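Just below is one structure, and these are the notes that go with it.
All figures in this text were calculated on a predicted structure; none of them were measured in a lab.
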Amino acid sequence: MTPETALKTRENMLRDGYCVIDHILTDEFIGELREESERLIADHDPPEDFKYQGQHINVRGEDNAIIQKLLDWAPSRRALEQLGFGDFKTSGGIIILTKEPKGPPLYWHQDWMQWNDPISCSPWPQIVFLNDYLTDTAVENGCLKVIPGTHLKRVPLHDQLVPAHEQGARFVEEDHPIMFSDHPDQVHVPVAARALILGDARVLHSAGRNYTDERRTLILAWHRRATTDVPDYWDGDIPEAIAQRDPNRNYPGSRLPGEHLKP
Ligand SMILES: O=C(O)CCC(=O)C(=O)O
Ligand SMILES: [Fe+2]
């Protein structure tokens, strides 16, 4: 990545809540990941509750050499460093998420679970997902959908959603009029198989239905900064809530955006 591309990509990430980095995996390694994910899927019995996320298999790197190889993958690490995100650390594991052939869409949600903490309004990312898709994605097979900027700005949809995953969204009906809606500001994020999508845990995202007969597999790896310090690259204003934040306080977890997400 040239320094100009790195700067532009980071600007996209900060402004939109996601960015795409091309040419991260090699064809050979994608082949290995496909084979390994298919092997794990064959041994897995997906619970009905998880149908909107597909297979949903958690794998720890320490239990699986191929997954550890992905977590250590030098091009991903180098890309993070070039973006200024070198202080993000892996959680040590990944989740295999799929859209099965003709599988249903994934509901709108955001994955931030610390909305009581003033760090929620950081203009820089603190927790991100690294999404490696093992096939090309398109509207046809349920590519990622994002509403850019919603990691920092409240929109009416925030207050209409059933909270993500185990907190309700897994149990909604397939024809839920809001959870699977089209949004005027949504963008589709189709990618070629070797690309990486970086997403801010706070951004509203979803995925379309898979209209094809092929499984669409995603390996999602959570990464977080070990610190809440202002990152070196940040030279903008520091929000008052962050400047005043008490790092020693214990902020109870919450998936519901509260006062720290302003319209
Ligand atoms: O399936 C996807 O494209 C995204 C998955 C996701 O965002 C999630 O499971 O939280
Ligand atoms: Fe998500």
Side-chain angles (χ1 to χ4, degrees), residues 5-22 24 53 76 79-80 82-85 87-88 91 95 97 105-115 117-133 137 142-161 163-165 169 179 181-191 195-208 218 220-225 228 230-231 233-239 241-242 254-263:
T5 306
L7 199 59
K8 197 162 181 319
T9 307
R10 185 171 73 220
E11 281 169 11
N12 292 345
M13 181 69 186
L14 298 188
R15 184 193 59 215
D16 297 334
Y18 75 98
C19 65
V20 179
I21 307 161
D22 289 324
I24 290 292
Q53 287 169 297
S76 310
L80 287 176
Q82 288 170 326
L83 294 174
F85 301 153
D87 57 3
F88 277 86
S91 67
I95 316 176
L97 296 159
L106 175 65
Y107 40 76
W108 285 114
H109 68 282
Q110 44 81 21
D111 294 302
W112 184 253
M113 296 170 75
Q114 296 168 224
W115 284 109
D117 186 332
I119 199 66
S120 300
C121 57
S122 66
W124 56 83
Q126 282 288 130
I127 302 183
V128 298
F129 53 80
L130 268 61
N131 276 8
D132 285 295
Y133 293 88
T137 68
C143 68
L144 187 71
K145 289 164 70 177
V146 176
I147 307 179
T150 49
H151 58 312
L152 295 177
K153 185 175 160 35
R154 192 179 207 100
V155 296
L157 185 61
H158 277 110
D159 297 304
Q160 297 161 358
L161 292 177
H165 304 325
M179 296 302 279
S181 57
D182 277 314
H183 190 277
D185 300 328
Q186 75 185 26
V187 293
H188 288 97
V189 192
V191 289
L196 180 65
I197 299 182
L198 221 64
D200 190 306
R202 299 169 294 182
V203 79
L204 287 175
H205 58 284
S206 66
L218 156 66
L220 184 153
W222 286 109
H223 284 62
R224 64 166 69 216
R225 295 184 72 221
T228 51
V230 179
Y233 61 78
W234 182 256
D235 55 11
D237 295 340
I238 314 274
I242 293 193
S254 170
R255 270 198 183 271
L256 300 179
E259 55 161 336
H260 296 303
L261 189 66
K262 306 253 186 322

Inset, instruction - Working to the nearest 0.5 Å, report the span between OG1 of T228 and CD1 of I242. - result: 8.5 Å
Inset, instruction - Fit a plane to each ring of W222 and F129, take the angle between them on a 0 to 90° scale, and name the class: parallel (under 30°), tilted (30 to 60°) or perpendicular (over 60°). - result: perpendicular
Inset, instruction - Report yes if some heavy atom in the side chain of L83 is under 4.5 Å from a heavy atom in the side chain of L198; otherwise report no. - result: yes
Legend entry - Minimum heavy-atom distance between V20 and A195, given as atom pair plus value: CG1-CB, 4.2 Å
Inset, instruction - With the side chain counted from C-beta on, respond yes when L161 and Y107 share a heavy-atom pair under 4.5 Å apart, and no when they do not. - result: no
Inset, instruction - Take V128 and F88, measure what side chain to side chain contact (heavy atoms under 4.5 Å, CB included) needs, and give me the verdict at the end. - result: CA-CA 8 Å; V128 298; F88 277 86; 3.8 Å; yes
Legend entry - Side-chain heavy-atom pair T137, L144 within 4.5 angstrom cut-off: no
For a quick test of your reading: what N or O donor-acceptor pairs under 3.5 Å do the side chains of residues 119-127 make, sequence neighbours left out?
{"residue": "S120", "atom": "OG", "partner": "W112", "partner atom": "NE1", "Å": "2.9"}
{"residue": "S120", "atom": "OG", "partner": "Q114", "partner atom": "O", "Å": "2.8"}
{"residue": "S120", "atom": "OG", "partner": "D117", "partner atom": "O", "Å": "2.6"}
{"residue": "S122", "atom": "OG", "partner": "I119", "partner atom": "O", "Å": "3.3"}
{"residue": "S122", "atom": "OG", "partner": "W124", "partner atom": "O", "Å": "2.6"}
{"residue": "S122", "atom": "OG", "partner": "R202", "partner atom": "NH1", "Å": "3.4"}
{"residue": "W124", "atom": "NE1", "partner": "Q126", "partner atom": "OE1", "Å": "2.8"}
{"residue": "Q126", "atom": "OE1", "partner": "R225", "partner atom": "NH1", "Å": "2.7"}
{"residue": "Q126", "atom": "NE2", "partner": "T227", "partner atom": "O", "Å": "3.0"}

Scan the side chains in residues 255-263 for donor-acceptor partners under 3.5 Å anywhere in the protein, sequence neighbours excluded, and list what turns up.
{"residue": "R255", "atom": "NH1", "partner": "Q110", "partner atom": "O", "Å": "3.4"}
{"residue": "K262", "atom": "NZ", "partner": "E259", "partner atom": "O", "Å": "2.6"}

Inset, instruction - Please answer whether the main-chain N or O of L204 pairs with a side-chain N or O of W108 as donor and acceptor at a distance below 3.5 Å. - result: no
Legend entry - Approximate separation, where rounding is to 0.5 Å, of S206 OG and I147 CD1: 7.0 Å
Inset, instruction - Hey, could you give me the CG/CG distance between L196 and D132, rounded to the nearest 0.5 Å? - result: 5.0 Å
Legend entry - Side chain to side chain, T5 and Q82, heavy atoms closer than 4.5 Å: no
Legend entry - Close side-chain approach of E11 to L14, heavy-atom, < 4.5 Å: no
Legend entry - Non-hydrogen atoms of H151 and M13 that approach each other most closely: NE2-O, 4.0 Å
Inset, instruction - For the residue pair H205 and Y18, establish whether any side-chain heavy-atom pair is separated by less than 4.5 Å. - result: no
Inset, instruction - Considering non-hydrogen atoms only, spot the tightest contact between A79 and I24 and give its length. - result: CB-CD1, 4.0 Å
Inset, instruction - Using modelled atom types only, decide if a donor and an acceptor are shared between the side chain of W115 and the backbone of P118 within a distance under 3.5 Å. - result: no
Legend entry - Chi angles and distances behind the side chain to side chain contact (heavy atoms under 4.5 Å, CB included) call for V230, I238: CA-CA 8 Å; V230 179; I238 314 274; 3.5 Å; yes
